[in-house]
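Right, one structure below, let's go through it.
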2 protein chains.
Amino acid sequence: MNANSPASGAALRIGELAAATGVSTSALRFYEKHGLLGKAARGGNGYRQYAPDAVERVGLIRLAQRLGFSLEQVRGILGRAGEPLDHQQILTGLQARLAEIEQMQSTLAAQHTGLTCMLGKLHEHWDLGRCLPLAKLLDGHAAGDSA
Amino acid sequence: MNANSPASGAALRIGELAAATGVSTSALRFYEKHGLLGKAARGGNGYRQYAPDAVERVGLIRLAQRLGFSLEQVRGILGRAGEPLDHQQILTGLQARLAEIEQMQSTLAAQHTGLTCMLGKLHEHWDLGRCLPLAKLLDGHAAGDSA
DNA sequence: GCTAAGCTTGAAGTGCTGTTTAAGGTCAAG
DNA sequence: CTTGACCTTAAACAGCACTTCAAGCTTAGC
């Protein structure tokens with residue numbers, strides 16, 4: 001029953017960490033296997049023993065995921081395990097993601113323009129064929145946009 | 001050698017259609033199998049015989065893909081085969097994609113804001129932990145789709 | 001008529017990501 | 001003793017758009 005009673009000051013077991021973070025135990029093991037979480041110490045029974053700050057680490061992983069980072073990118077940013085957290089590396093990673101986002105934004109903007117344009121054309125004359133040239137609009141720059 | 005010489009007025013073989021559209025033959029068969037392309041007529045030899053307007057159809061499929069439609073969505077829009085092309089269905093499909101795009105745009109915008117914010121915080125005090133509250137910012141309005 | 005290129009089929013494989021599940025066993029508490 | 005949390009590794013899943021494979025046709029040029 002009480003498998004999940006926080007031992008106040010000390011180590012968390014995987015189920016406790018899972019409960020504390022909202023991440024499944026299997027996901028936590030997965031993170032560990034992929035170097036996101038760092039190998040937990042083990043008790044005499046072989047159970048993982050997480051220090052309380054693991055909660056924050058997991059929180060950071062989930063935050064990063066929400067910011068659109070893949071787990072591989074997260075590992076690139078947070079470092080492979082409990083290592084020092086290289087500031088430069090973090091900045092670089094964040095900026096790279098920012099660039100990625102901007103790239104996607106311009107792709108989406110171009111698609112948006114293209115679709116809007118298409119809807120306009122379809123209101124006039126009902127010919128999808130006339131929309132084909134829009135393809136060039138999507139290639140053209142994928143960056144800026146011009147209606 | 002001349003397997004790909006357009007027989008002027010008449011039917012295209014799959015390789016010819018592929019050459020004309022820049023889509024591989026295997027992809028064309030794949031499209032057919034999934035109802036995007038409509039079953040081609042067959043010659044006495046069993047080869048597919050495409051009418052010249054298949055080129056346009058394939059062009060539309062590729063255009064749609066560039067607009068971010070999945071093949072399944074394309075099928076929803078263009079109709080399951082050589083059917084009449086339901087105008088209403090097309091409009092609905094395009095608008096649905098437009099909504100999808102806008103959804104993604106707001107997700108990306110939120111991520112962008114979050115990241116920028118994070119970079120700001122990190123310049124001040126070097127504590128990633130202080131960035132955790134940003135998670136709420138991401139929840140705030142854009143559904144948790146990161147893609 | 002030989003050979004190479006092109007066509008036919010269906011099934012399975014590919015690449016990517018993030019988990020989850022399954023199978024088989026250990027450990028602790030009621 | 002039984003339940004439930006934990007351990008391990010390996011494999012499955014899910015979604016997308018194809019590609020590849022194998023085995024066996026046809027067609028075209030020489």
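Below, chain A is the first sequence line, B the second, and so on; all start at residue 1.
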Residue [X], side-chain atoms from C-beta onward, closest of [options]:
| X | options | result |
| --- | --- | --- |
| A:Ile14 | D:dA17, D:dT8, D:dC6 | D:dC6 |
| A:Gln65 | C:dG18, C:dT20, D:dC18 | C:dG18 |
| B:Leu71 | C:dT20, D:dC16, D:dC18 | D:dC18 |
| A:Arg42 | D:dC7, D:dC16, C:dT21 | D:dC7 |

Mind checking the CG-CE spacing from A:Leu63 to B:Met118? Nearest 0.5 Å is all I need.
-> 5.0 Å
Can you tell me how far CZ of A:Arg29 sits from CD1 of A:Ile14, rounded to the nearest 0.5 angstrom?
-> 4.0 Å
Report the residues that fulfil side chain to side chain contact (heavy atoms under 4.5 Å, CB included) with A:Gln89, sequence neighbours left out, ordered by chain and then residue number.
->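 If we apply the side chain to side chain contact (heavy atoms under 4.5 Å, CB included) test to A:Gln89, skipping adjacent residues, the hits are A:Asp86.
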On DNA chain D, nearest-nucleotide positions of B:Tyr47 versus B:Arg62: which is more 5'?
->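 Residue closer to the 5' terminus by nearest nucleotide: B:Arg62.
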What integer distance in Å separates [X]:[atom1] from [N]:[atom2]?
| X | N | atom1 | atom2 | value |
| --- | --- | --- | --- | --- |
| B:Glu32 | C:dT8 | CD | P | 8 Å |
| A:Arg13 | D:dG4 | CZ | P | 15 Å |
| A:Glu72 | C:dG15 | CD | P | 15 Å |
| A:Leu28 | D:dA5 | CG | P | 15 Å |
| A:Arg29 | D:dT8 | CZ | P | 7 Å |
| A:Tyr50 | D:dA5 | OH | C1' | 14 Å |
| A:Tyr31 | C:dT17 | OH | C1' | 11 Å |
| A:His34 | C:dC16 | NE2 | P | 13 Å |

State whether B:Glu32 and B:Arg48 are salt-bridged, where the test is any N-O pair (Lys NZ or Arg NE/NH1/NH2 against Asp/Glu carboxylate O) under 4.0 Å.
->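 Judged by the 4.0 Å cut-off on N to carboxylate O distance, B:Glu32 and B:Arg48 do form a salt bridge.
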Heavy-atom pair with the smallest gap, counting every atom of A:Gly114 and A:Leu134 |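 Scanning both residues completely, I find the closest heavy atoms to be O-CD1, 3.6 Å.
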Would you name the heavy atoms of B:Arg130 and B:Pro133 that are closest together and state the gap between them?
-> O-CD, 3.2 Å
Looking for any heavy atom pair under 4.0 Å, which part of the strands does B:Ser70 touch: base, sugar-phosphate only, or nothing?
->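 Sugar-phosphate contact only.
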Sugar-phosphate, base or nothing in reach of A:Arg48, heavy atoms under 4.0 Å = sugar-phosphate
For A:Thr25 and for A:Asn45, find the nucleotide of DNA chain C with the closest heavy atom, then tell me which residue's nucleotide is more 5'.
->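 Comparing both residues, the 5'-ward one is A:Thr25.
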Identify, between A:Ser24 and A:Gly44, the residue whose nearest nucleotide on DNA chain C lies closer to the 5' end.
->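 Here A:Ser24 is the residue nearer the 5' end.
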Output all residues satisfying side-chain hydrogen bond (donor to acceptor under 3.5 Å, both in side chains) with A:Glu102, sequence neighbours left out; order by chain, then residue number.
->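 Applying side-chain hydrogen bond (donor to acceptor under 3.5 Å, both in side chains) to A:Glu102 gives B:His112.
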Canonical and wobble pairing (Watson-Crick, G-U, under 3.5 Å) of DNA chain D, dot-bracket with | | ||||||||||||||||||||||||||||||
